[in-house]
Protein chains: 2
Amino acid sequence: MNTGDDHMSTRDRIFEAAVDLFSTRGYHGTSIREIAREVGIKESSIYNHFPGKDGILEAILEYYQEGFRTATSSLEEMEEFMKGFSEPVELWLAVGVEFIKKLPPYTEPISRILINEMFLDERCRRFVLHTMFTAQKEAAENSLRYLRDRGLIRDCDIRQTAVQYVYMLQGLDIENRLMRMEGHSPEELQQHLMDTIRFFIEGLRKNNTERGIK
Amino acid sequence: MNTGDDHMSTRDRIFEAAVDLFSTRGYHGTSIREIAREVGIKESSIYNHFPGKDGILEAILEYYQEGFRTATSSLEEMEEFMKGFSEPVELWLAVGVEFIKKLPPYTEPISRILINEMFLDERCRRFVLHTMFTAQKEAAENSLRYLRDRGLIRDCDIRQTAVQYVYMLQGLDIENRLMRMEGHSPEELQQHLMDTIRFFIEGLRKNNTERGIK
DNA sequence: GTCTATAATCTGATAGAC
DNA sequence: GTCTATCAGATTATAGAC
């Protein structure tokens with residue numbers, strides 16, 4: 001989990017250790033002592049960098065929010081990027097990969113913290129609703145509209161289709177995280193992710209035989 | 001949350017209080033003392049009914065497993081029930097409602113405990129994978145096959161469609177739970193649930209011109 | 001900024017009277 | 001089966017030396 005302990009400030013090392021522990025043991029299942037031990041300092045030293053345990057979580061959430069906001073706003077210049085594709089499936093997958101690349105480090109374990117705490121902490125609940133549902137629906141709507149307006153997919157209810165896609169993606173993401181913990185290989189799960197997204201977008205093609213118009 | 005405290009055994013009241021607290025505050029966020037206080041006894045009395053805190057969780061998980069197993073096995077006689085429907089959407093919704101009716105009390109808050117702890121506790125992770133993904137996929141496959149074999153939906157990849165449906169349902173369920181906590185009315189959320197499922201099944205019709213109705 | 005020392009409280013769990 | 005009393009350890013956090 002260490003990405004270079006020695007070159008980081010104590011504050012950043014505390015931050016990193018907290019992200020690691022909160023995501024794997026839960027917020028309430030992690031003590032200040034454990035964080036301090038992982039960093040290699042005494043627990044009292046942590047209070048020189050953060051106001052307390054909740055203050056660390058607060059900093060993590062702010063970091064996540066800022067990272068997501070930046071990645072989302074850079075998404076607005078994505079239209080230029082999209083023009084390089086004539087295949088809807090390839091475009092869709094490429095846009096997804098591009099967005100993920102814009103996200104800062106620790107986004108993955110932090111999103112796991114959010115899921116862990118979404119029913120327990122109001123801030124986490126709000127973040128999950130916004131970053132995993134509301135914002136994703138909007139992004140999916142925009143991409144679908146782009147594809148439809150260029151005749152790359154058939155006419156369909158953009159709103160409802162985006163909703164279905166986002167729910168599907170979230171269910172898929174959670175199962176993939178659980179399967180990874182069960183020992184399934186990242187390659188296998190990545191393939192399953194791609195296949196499932198591919199199947200969804202293929203179903204929107206204009207002349208697909210399987211879901212086409214009779 | 002009380003469904004009749006006075007007529008229940010102490011053990012059952014402890015069980016009920018633990019389900020309530022574990023689901024709303026998390027397992028690690030709940031103490032034996034809080035459970036005892038909610039029941040109205042001293043914490044030491046709890047050890048006359050359960051071996052300890054983890055023993056209570058263990059009992060909750062066993063109760064959930066048994067309830068799910070019973071409901072699932074009763075699902076095998078569902079085919080007779082299905083024959084009363086000629087509309088795929090109505091059949092689908094009715095089967096879902098019928099299955100939920102077979103589930104015992106506390107299933108809803110217990111499933112919330114499972115989601116809370118799925119990344120932290122191996123037993124919860126396994127239960128989520130089985131009851132919310134694996135078993136649901138199988139059930140969806142069976143229903144889809146029934147519909148296809150009777151010509152009520154068009155030919156499609158049963159396996160992939162079931163997978164998409166289950167992921168969609170889980171994403172939808174989580175968002176609905178979060179929205180409920182945000183103050184959205186159960187009626188509104190129930191309507192959204194129905195609409196979203198309806199849209200999915202409508203998209204499988206033989207002669208759908210679009211991907212759904214409005 | 002780090003440490004030692006310590007406060008004040010909470011934790012799960014046990015022993016034994018009734 | 002419930003209670004009181006108690007334990008040993010963990011918890012977050014602070015005070016003050018260096």
Side-chain angles (χ1 to χ4, degrees), chain A residues 2-63 113 116-117 120-124, chain B residues 2 4-63 110 113 116-117 120-124:
Chain A
N2 290 344
T3 59
D5 272 354
D6 297 341
H7 317 84
M8 294 166 67
S9 70
T10 305
R11 194 194 137 96
D12 287 348
R13 289 194 291 147
I14 295 167
F15 183 93
E16 185 180 56
V19 168
D20 183 27
L21 287 166
F22 288 167
S23 68
T24 54
R25 297 162 169 271
Y27 176 77
H28 287 289
T30 302
S31 67
I32 291 277
R33 252 192 191 87
E34 285 173 299
I35 297 171
R37 195 190 316 133
E38 182 121 324
V39 175
I41 57 175
K42 294 296 171 187
E43 52 267 39
S44 56
S45 299
I46 287 184
Y47 294 90
N48 286 318
H49 303 277
F50 295 96
K53 190 182 172 183
D54 185 74
I56 304 178
L57 178 59
E58 188 75 31
I60 292 172
L61 296 180
E62 277 170 27
Y63 170 89
I113 297 174
N116 276 338
E117 310 295 330
L120 312 174
D121 182 285
E122 190 182 349
R123 298 163 296 178
C124 294
Chain B
N2 289 345
D5 272 355
D6 296 342
H7 317 85
M8 294 165 67
S9 70
T10 304
R11 195 194 135 98
D12 287 348
R13 288 196 290 147
I14 295 168
F15 182 93
E16 186 180 55
V19 167
D20 183 26
L21 287 166
F22 288 168
S23 68
T24 55
R25 297 163 167 271
Y27 176 77
H28 286 290
T30 302
S31 67
I32 290 277
R33 256 189 186 88
E34 285 175 298
I35 297 172
R37 196 190 313 132
E38 181 122 325
V39 175
I41 57 175
K42 295 297 171 186
E43 53 266 40
S44 57
S45 299
I46 287 185
Y47 294 91
N48 286 318
H49 303 277
F50 295 95
K53 190 184 174 185
D54 185 75
I56 303 178
L57 179 58
E58 188 75 33
I60 292 172
L61 296 180
E62 276 169 26
Y63 170 89
I110 295 175
I113 298 174
N116 276 338
E117 310 295 331
L120 311 175
D121 182 286
E122 190 181 348
R123 298 162 297 178
C124 294

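Atom NZ of B:Lys42 is separated from atom C1' of C:dT11 by 16 Å (rounded to the nearest Å). Spacing between atom CG of B:Asp54 and atom C1' of C:dT11 amounts to 15 Å, rounded to whole angstrom units. If you measure from atom CD1 of A:Ile56 to atom C1' of D:dA13, you get 12 Å, rounded to the nearest angstrom. Atom CD in B:Glu34 sits roughly 17 Å away from atom P in C:dT9 (whole-Å rounding). Summarising the geometry, the separation between CZ on A:Arg33 and C1' on C:dT6 is reported as 11 Å, rounded to the nearest angstrom. Straight-line distance from the CD1 atom of B:Ile14 to the C1' atom of D:dG1: 10 Å, rounded to whole Å. Summarising the geometry, the separation between NE2 on A:His28 and P on C:dC10 is reported as 15 Å, rounded to the nearest angstrom. Rounded to whole Å, atom C1' of C:dG12 lies 17 Å from atom CD of B:Glu58.
The shortest distance between the side-chain N/O atoms of A:Lys53 and the OP1/OP2 oxygens of D:dT12 is below 4.0 Å. Proximity of A:Ser45 to the phosphate of C:dC3: a side-chain N or O atom is located under 4.0 Å from OP1 or OP2. Distances shown here put every side-chain N or O of A:Ser31 at or beyond 4.0 Å from the OP1 or OP2 atom of D:dA10.
The shortest distance between side-chain heavy atoms of B:Ile56 and B:Phe15 does not fall below 4.5 Å. Between B:Ile110 and B:Phe22, every side-chain heavy-atom pair lies at or beyond the 4.5 Å cut-off.
Among the nucleotides D:dA13, D:dC3, C:dG1, the one closest to any side-chain atom of A:Tyr47 is D:dA13. Listed nucleotides C:dT11, C:dC3, C:dA13 differ in distance to B:Glu43; the shortest reach to its side chain belongs to C:dA13. When the nucleotides D:dG1, C:dC3, C:dG12 are ranked by their closest atom to the side chain of B:His49, D:dG1 comes out on top.
The two residues A:Val39 and A:Ala17 come nearest to each other via the heavy atoms CG2-CB, 3.7 Å. The shortest non-hydrogen separation linking A:Ala18 to A:Ile60 is CB-CD1, 4.1 Å.
Heavy atoms of other residues, nucleotides or ligands lying less than 6.0 angstrom from CZ of A:Arg123 number more than 12.
Checking A:Ile41 against B:Ser44, the closest nucleotide of DNA chain C that is more toward the 5' end is the one next to A:Ile41.
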